[in-house]
Amino acid sequence: MATQHFIDLEKQYGAHNYAPLDVVITKGQGIWVEDVEGNRYMDCLSAYSAVNQGHCHPKIAAAMKEQIDKLTLASRAFRNDQLGLFYKELCELTNSHMVLPMNSGAEAVESAIKAVRKWGYFEKKVPADQAEIIVCENNFHGRTVTIVGFSTEEQYRDGFGPFTPGFKVIPFGDAQALETAITPNTVAFLVEPIQGEAGIIVPPKGYLRDVRRICTEHNIVMITDEIQTGLGRTGKLLAEEHEGVEADLTLIGKALSGGFYPVSAVLSNKAVLGTFQPGDHGSTFGGNPLGVAAARMALKILVEEGMIENAAKMGNYMLSSLGEIDSPYIKEVRGVGLLIGAELHPEAGGARRFCEALMGKGLLCKETHEHVIRFAPPLIVTKNDLDWALERIEDVLLNL
Ligand SMILES: *Cc1c(COP(=O)(O)O)cnc(C)c1O
């Protein structure tokens with residue numbers, strides 16, 4: 001009853017741009033959420049990796065409550081006493097030189113596109129309006145017109161043109177294709193270390209290292225979109241660390257505030273963001289003290305509470321345990337850390353019905369693309385929690 005009431009309201013008054021599972025969540029704590037009828041579920045999506053720290057982490061809540069009574073928004077017309085501390089802490093943690101704060105992930109991507117274009121014209125001396133940015137097939141970088149314009153997902157583009165020119169698409173995981181696609185006008189290569197929305201696609205070993213070398217050799221900016229893979233999700237602070245590389249620009253968002261507030265950032269070596277002059281770019285809410293206070297605490301607990309190491313350990317356990325499930329539906333289980341996908345054979349009839357069955361057993365997962373179930377619980381998950389989940393996952397994959 002209660003559930004249907006809320007669903008009806010959404011259907012009647014909301015834009016229908018999502019097809020959510022029909023569970024209406026009203027509370028969350030740690031890895032658990034509760035629906036309006038009092039049913040409890042383990043969250044295995046973590047809001048697309050935005051709540052890596054777990055739902056409503058008390059320390060982030062406390063930091064935000066403290067800030068909310070002091071100052072929420074100063075705008076960048078003035079300075080605020082949270083921003084500089086956030087920059088310093090974030091730069092020290094990620095070994096970056098400069099930070100540009102924004103709000104959504106898509107805004108961080110858009111900001112990076114502007115930054116590399118400006119860098120290309122002013123530093124690399126690319127002729128005006130000729131800058132090219134190389135991106136990958138099956139990329140996901142957000143939903144703005146410019147970003148969907150270089151998506152290869154038909155539905156993301158269909159009906160939304162005309163699009164921003166200046167992008168070239170190459171296969172993901174193929175460093176040779178990158179080298180071949182580069183021209184004198186190429187300013188940047190934008191890539192996800194692991195493609196999340198595409199279905200947890202892990203590139204071949206050495207790919208990011210090769211990309212790093214090629215970008216350096218051709219003087220193009222390497223941009224890693226770590227909005228989903230970053231901040232502990234893969235068992236390292238940034239997924240690029242698995243290959244020991246540092247991008248020139250790294251984009252983070254989602255878990256940067258632990259799910260409390262939209263906070264994203266472009267991390268940069270000085271050369272690239274350094275081309276921005278006052279007035280070149282901006283955001284009313286970007287770098288606001290409330291979001292920044294949340295982000296500072298979200299970063300602090302990620303490190304202090306050992307969430308990154310836990311993600312590595314629990315991720316290995318989950319990956320190997322899922323791999324042992326002998327179900328005829330499973331084509332492949334893959335992933336790094338707690339970013340795991342189980343790809344089902346087409347004959348399984350799509351991942352959605354498995355997600356619905358898991359929901360019936362108290363586990364919230366979401367299909368990504370048609371045939372992949374994504375498993376990405378908050379990074380605070382324990383072995384006991386995973387055993388509880390695995391029992392149910394096995395049951396559904398064997399008996400549905
Ligand atoms: C979620 C996501 C984005 C977009 O972030 P929004 O906050 O939804 O705009 C961009 N890139 C990747 C890899 C993402 O997973």
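Order of appearance sets the numbers: ligands from 1, and atoms from 1 within every ligand.
- Of the protein's non-hydrogen atoms, the one nearest atom 5 (O) of ligand 1 is G105 CA, 3.3 Å.
- Between E309 and K313, no side-chain nitrogen of the basic residue sits less than 4.0 Å from a carboxylate oxygen of the acidic one, so the salt-bridge criterion is not met.
- Distance from atom 4 (C) of ligand 1 to its nearest protein heavy atom, with residue and atom name: A106 N, 3.8 Å.
- Nearest protein neighbour of atom 11 (N) of ligand 1, counting heavy atoms only, is D225 OD2, 2.7 Å.
- The cationic atom of R392 (NZ for Lys, CZ for Arg) lies less than 6.0 Å from the six-membered ring centre of W388 and within 45° of the ring axis.
- Applying the 4.0 Å criterion to heavy atoms of I227 picks out, from ligand 1, the atoms 2 (C), 3 (C), 10 (C), 11 (N), 12 (C), 14 (C).
- When heavy-atom distances to ligand 1 are checked against a 4.0 Å cut-off, E192 comes that close only through its side chain, counted from C-beta outward.
- Counting atoms of ligand 1 from 1 in the listed order, those under 4.0 Å from a heavy atom of Q228 are 15 (O).
- Residue contacts with ligand 1 for K254 involve side-chain atoms from C-beta outward but no N, CA, C or O (heavy atoms, distance under 4.0 Å).
- For F140, the CZ atom counts as densely surrounded, since its 6.0 Å shell holds more than 12 non-hydrogen atoms of other residues, nucleotides or ligands.
- To the nearest 0.5 angstrom, Y207 atom OH is 9.5 Å from D210 atom CG.
- Neither the backbone nor the side chain of Y48 has any atom closer than 4.0 Å to an atom of ligand 1 (non-hydrogen atoms only).
- There is no protein heavy atom closer than 4.0 angstrom to atom 8 (O) of ligand 1.
- With Y329 as the aromatic partner, R353 meets the cation-pi criteria of under 6.0 angstrom to the ring centre and within 45 degrees of the ring axis.
- Within the listing of ligand 1, atoms 7 (O), 9 (O) sit less than 4.0 angstrom from a heavy atom of S104.
- We find that K65 and D69 are not joined by a salt bridge, their nearest charged nitrogen and carboxylate oxygen being 4.0 Å or further apart.
- Between the side chains of E197 and Q228, at least one donor-acceptor pair of N or O atoms lies under 3.5 Å.
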